[in-house]
Amino acid sequence: MAKYLLNDAVSIPETAFELSEHLGFSVSKPAMWAWYEMSGAVLSHYVVDQQTRLQGLFNWFYKDLGFCARDNYFSVEAADLSYCVLKRQGNSTTLSILLILLAKQLDLKLEAILLPGNTVLKSQVCDVIKYHDPLTGRELDRHQLHALVRGEMGNAAKLKPSHLKPATLKRLISRMLHELKAGCIVNQKFESAMECCNLLLQWHPDDVHLNRERAFIAQQLGCIKVAISDLQHFIDLSPHDPVTELVKIQLKELSQHTQVYH
């Protein structure tokens with residue numbers, strides 16, 4: 001699996017389906033066949049006018065196919081692209097990925113915008129840029145985009161130009177992995193959460209916050225030595241981080257525990 005994450009030339013949906021199977025959530029082949037069927041069917045909505053084509057895509061996706069937000073929004077299933085394709089339910093990231101791929105089939109430009117805590121879609125038709133909620137397809141204005149940022153980061157947060165920068169494929173798949181990891185932690189699937197961290201660290205070895213997250217997961221698994229190593233790594237490389245003093249306390253407490261081997 002490392003070969004998919006260490007190579008920047010990854011592709012979707014193949015990589016996302018393979019990740020899901022690797023993590024033990026679903027089998028990739030049924031999802032791939034469902035995707036082939038969908039990507040062929042969308043071509044019937046190819047019309048000359050681009051705006052009509054885009055609206056036709058949204059109507060088909062949400063009304064005809066019935067794609068929607070999963071009720072258990074922060075679950076593993078919502079963050080799993082294979083599940084999203086097969087059950088037609090997902091979160092803002094998985095639904096965005098599918099719409100981006102389907103739009104490409106129709107020669108339409110849709111891109112993912114990774115706001116803090118939310119993924120939104122950016123369309124560009126005849127040089128007119130619009131933003132869309134991937135959970136519904138509805139258009140979002142800048143006030144609504146700012147509200148999403150404030151909802152995640154606090155009322156004082158500003159909507160920055162960097163927030164509206166289209167995501168690279170690497171960042172998009174990384175967000176999906178982060179959301180899978182979070183879902184695993186919520187569902188107490190700590191072995192899978194640990195593997196999500198390991199995969200992310202292969203791609204982002206300088207992200208010490210991943211080490212801190214892995215330390216928490218390792219502690220839940222009883223792997224105290226791994227947790228201590230990750231916390232020490234965080235402290236060494238982030239001496240001025242606001243949470244470093246708390247991490248030092250956590251490290252001291254862990255150091256007093258007996259190592260449990262697995």
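- Between Q202 and N198, the side chains place no donor N or O within less than 3.5 Å of an acceptor N or O (distance only, hydrogens not considered).
- The main-chain N or O of G90 is never found under 3.5 Å from a side-chain atom of T94 such that the two would form a donor-acceptor pair.
- R53 places a side-chain N or O within 3.5 Å of a backbone atom of L106 that can act as its donor or acceptor partner.
- In this structure, F67 has its ring center at least 6.0 angstrom away from the ring center of Y62.
- In summary, the side chains of N91 and E179 do present a donor paired with an acceptor at a separation below 3.5 Å, with no hydrogens or angles considered.
- One N or O on the side chain of E21 and one on the backbone of S28 form a donor-acceptor pair closer than 3.5 Å.
- Residue pairs satisfying the side chain to side chain donor-acceptor pair (under 3.5 Å) criterion with at least one member in residues 104-115, sequence neighbours excluded, are listed as follows: Y46-D107.
- Evaluation of the ring-ring contact (aromatic ring centres under 6.0 Å, His included) rule for W35 yields no partner, not counting sequence neighbours.
- In terms of the ring-ring contact (aromatic ring centres under 6.0 Å, His included) criterion, residue partners of F58 (sequence neighbours excluded) are, by chain and number, H132.
- At least one side-chain heavy atom of W203 sits under 4.5 Å from a side-chain heavy atom of K170.
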Show every donor-acceptor pair shorter than 3.5 Å between a side-chain atom in residues 78-86 and any protein atom, with sequence neighbours excluded, or say none if there are none.
{"residue": "D80", "atom": "OD1", "partner": "S20", "partner atom": "OG", "Å": "2.9"}
{"residue": "D80", "atom": "OD1", "partner": "S82", "partner atom": "N", "Å": "3.0"}
{"residue": "D80", "atom": "OD2", "partner": "S20", "partner atom": "OG", "Å": "3.0"}
{"residue": "D80", "atom": "OD2", "partner": "S26", "partner atom": "OG", "Å": "3.2"}
{"residue": "Y83", "atom": "OH", "partner": "R70", "partner atom": "NH1", "Å": "2.8"}

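- Sorted by first and then second residue, the ring-ring contact (aromatic ring centres under 6.0 Å, His included) pairs with a member in residues 135-164 form an empty list; sequence neighbours excluded.
- Of the inter-residue distances, the one linking D71 atom CG with Y73 atom OH reads 12.5 Å to the nearest 0.5 angstrom.
- The shortest distance between side-chain heavy atoms of E213 and K181 falls below 4.5 Å.
- Residues A157 and M153 come closest through the heavy atom pair CB-CB, 3.7 Å.
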For residues 237-245, please give each side-chain donor-acceptor pair under 3.5 Å, one per line with the distance, not counting sequence neighbours.
{"residue": "D241", "atom": "OD1", "partner": "V243", "partner atom": "N", "Å": "3.0"}
{"residue": "D241", "atom": "OD2", "partner": "H209", "partner atom": "NE2", "Å": "3.4"}
{"residue": "T244", "atom": "OG1", "partner": "S238", "partner atom": "O", "Å": "2.5"}
{"residue": "T244", "atom": "OG1", "partner": "D241", "partner atom": "O", "Å": "3.1"}
{"residue": "E245", "atom": "OE2", "partner": "K248", "partner atom": "NZ", "Å": "3.4"}

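- No path of Ile, Leu, Val, Met, Phe, Trp and Tyr side chains, each step under 4.5 Å between heavy atoms, connects V120 with L98, placing them in separate hydrophobic clusters.
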